[in-house]
Colleague: 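Here it is: the structure, laid out below.
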Amino acid sequence: MTTLSLRAYTSQATVHDHEQHQLVLPIRGHLDIQVGSHQGTVVTGECVIIRPGESHLFHAKDAARFIVADLDSLPDNLAASQRVVFSISTLLMNYLLFLEAQLQGEVDRNIDQLSIALFLGLLEKQTCDHRVDRRLLRVLDTMKAQLDQPHDVASLARLAHLSPTQFHKVFRDSLGISVKQYLTARRMERARAQLIHTDLSVQQVAEAVGYQNLSAFSRRFSCYFGQSPREMTRQYSSLTPATD
DNA sequence: ATGCCTGGACCATTCCTCAA
DNA sequence: TTGAGGAATGGTCCAGGCAT
């Protein structure tokens, strides 16, 4: 049995434990946590795993809000991990924001079941073997929010309060790829989504993800996905029934 | 014919790693 | 932290394919 609840703690909770697994996912503000021997702060974009019988306590600031999920069992990817805290994907983070609104609305059993199913589906997609360095969170947000803008490493490093060399190192240690590779990956994924889900032309999509030059975009897209933007569009449009 | 797109060649810039 | 050097990336130009 999986239940989801939205909770906003504002005061020190007493030490306690549960029979079920519990996941705590901040959607605003941060929490000070103590889980077993682990102690630290958890911020938006991270998830805490609390195993059955494990003593824990939270302390949240006034404005902090977070989603709590009680589960009988963890998905395999989480169960296999020894981590207490890991970074969640942007997709799951966005879904949590939707859930926040959903959980405060009217109670509808069907919708609730679908919501939980989707939550579990996204949970299974998490790679919980890493935790993104805090200094990079603003940088990642900035890049993702401004994919159409040019980003140079020097200014991104300043945002993280690191020297360019340190920034390179922290970035690769934390995410396993270089800054440029990360930016290109985000741009390509966004581009693919726009090509498949919108009627924007390849030119418009290229501009939307920061390429002034269509040729450069097409080349990069083909390298990344192994097929051209137009081929990608056609492949998916042939799978989608016509609406008119 | 026209517009849209792809991909090759070339070049400049920026990135990234590594040694000092 | 800095600097060097190779690698990667993006822009420009252009030729050519494809659909309308």
Side-chain angles (χ1 to χ4, degrees), chain A residues 40-41 43-46 77 81-83 85-94 125-244:
Chain A
T41 305
V43 300
T44 303
E46 295 181 330
N77 56 326
S81 174
Q82 301 300 310
R83 283 192 163 275
V85 181
F86 68 92
S87 296
I88 63 172
S89 68
T90 305
L91 205 56
L92 178 54
M93 187 60 226
N94 288 339
K125 299 281 184 190
Q126 302 305 302
T127 48
C128 52
D129 56 347
H130 76 288
R131 187 180 184 185
V132 175
D133 191 294
R134 293 279 167 71
R135 292 168 291 187
L136 301 181
L137 295 177
R138 258 181 80 193
V139 174
L140 299 182
D141 283 346
T142 300
M143 283 199 280
K144 280 183 278 193
Q146 300 171 6
L147 284 180
D148 59 330
Q149 300 295 315
H151 295 282
D152 65 284
V153 169
S155 53
L156 293 173
R158 276 197 297 276
L159 209 56
H161 303 292
L162 292 165
S163 71
T165 306
Q166 275 293 317
F167 180 63
H168 279 304
K169 182 172 171 15
V170 169
F171 200 99
R172 184 171 276 284
D173 287 350
S174 195
L175 291 148
I177 53 176
S178 71
V179 180
K180 209 68 182 178
Q181 286 172 332
Y182 178 85
L183 189 58
T184 300
R186 296 287 74 73
R187 282 179 165 156
M188 291 301 115
E189 295 295 342
R190 174 80 59 86
R192 178 167 68 168
Q194 293 198 344
L195 286 167
I196 292 170
H197 299 308
T198 74
D199 62 351
L200 293 176
S201 67
V202 176
Q203 172 78 55
Q204 288 170 313
V205 170
E207 288 170 8
V209 297
Y211 284 82
Q212 274 80 56
N213 186 274
L214 182 57
S215 180
F217 168 73
S218 180
R219 191 192 316 139
R220 179 67 41 225
F221 191 94
S222 296
C223 280
Y224 192 85
F225 290 114
Q227 61 184 152
S228 70
R230 187 152 59 178
E231 283 171 350
M232 179 75 76
T233 307
R234 284 183 183 150
Q235 180 191 331
Y236 279 86
S237 65
S238 68
L239 299 173
T240 309
T243 52
D244 53 3

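Note on naming: letters A, B, ... go to the chains in the order of the sequence lines (proteins, then strands), and numbering restarts at 1 for each one. Owing to the predicted nature of the structure, the values given are computational and were not obtained by experimental measurement. Below, all heavy atoms of this structure are taken into account, side chains as well, without hydrogens, waters or symmetry copies.
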Colleague: Using the salt bridge (charged side-chain N to carboxylate O under 4.0 Å, His left out) criterion, which residues pair with A:Arg135? Sequence neighbours excluded.
Modeller: A:Asp133

Colleague: Atom CD1 of A:Ile177 to atom P of B:dC16: distance rounded to whole Å?
Modeller: 10 Å

Colleague: Applying side chain to side chain contact (heavy atoms under 4.5 Å, CB included), can you list everything that pairs with A:Leu147, at least two apart in sequence or on another chain?
Modeller: A:Leu183, A:Arg186, A:Arg187, A:Arg190

Colleague: With sequence neighbours excluded, what pairs up with A:Leu137 under the side chain to side chain contact (heavy atoms under 4.5 Å, CB included) test?
Modeller: A:Val43, A:Val132, A:Arg134

Colleague: Which residue pairs pass the side chain to side chain donor-acceptor pair (under 3.5 Å) test with at least one member in residues 141-152 of chain A, sequence neighbours excluded?
Modeller: A:Thr90-A:Lys144, A:Asp152-A:Ser155

Colleague: CG of A:Leu195 versus C1' of B:dT6: gap in Å, rounded?
Modeller: 14 Å

Colleague: For a quick check of understanding: with a heavy-atom distance under 4.0 Å over all strands, which category does A:Pro164 fall into, base, sugar-phosphate or nothing?
Modeller: nothing

Colleague: Among residues two or more places apart or on two chains, list those pairs meeting salt bridge (charged side-chain N to carboxylate O under 4.0 Å, His left out) that have a residue in residues 201-230 of chain A.
Modeller: none

Colleague: Which protein N or O atoms sit under 3.5 Å from an N or O of nucleotides 10-15 of chain B?
Modeller:
| from | atom 1 | to | atom 2 | distance (Å) |
| --- | --- | --- | --- | --- |
| B:dC15 | OP1 | A:Val153 | N | 2.8 |

Colleague: Using five pairs at either end of the helix from B:dA1-C:dT20 to B:dA20-C:dT1, determine the angle between the two local helix axes and round it to 10 degrees.
Modeller: 30°

Colleague: Who pairs with A:Glu189 by salt bridge (charged side-chain N to carboxylate O under 4.0 Å, His left out), at least two apart in sequence or on another chain?
Modeller: A:Arg192

Colleague: Just checking, is any N or O donor in the side chain of A:Gln166 or A:Ser163 under 3.5 Å from an acceptor N or O on the other one?
Modeller: no

Colleague: On DNA chain C, reading 5' to 3', which nucleotide is the first and which the last to sit with an atom under 4.0 Å from a heavy atom of chain A, could you check?
Modeller: C:dT1 to C:dA19

Colleague: State which residues pass side chain to side chain contact (heavy atoms under 4.5 Å, CB included) with A:Ala206; sequence neighbours excluded, sorted by chain then number.
Modeller: A:Tyr211, A:Leu214, A:Phe217

Colleague: Send over the distance from A:Asp173 CG to B:dC16 P, rounded to a whole Å.
Modeller: 13 Å

Colleague: Going by the salt bridge (charged side-chain N to carboxylate O under 4.0 Å, His left out) test, which pairs reach into residues 157-171 of chain A, not counting sequence neighbours?
Modeller: A:Lys169-A:Asp173

Colleague: Please give me the minimum heavy-atom distance between A:Leu136 and A:Phe171, naming the atom from each residue.
Modeller: CD1-CA, 3.7 Å

Colleague: CG of A:Leu200 versus C1' of B:dC4: gap in Å, rounded?
Modeller: 15 Å

Colleague: Let's see if you get this right: which residues in residues 202-216 of chain A place a heavy atom under 4.0 Å from DNA chain B?
Modeller: A:Val202, A:Gln203, A:Leu214, A:Ser215

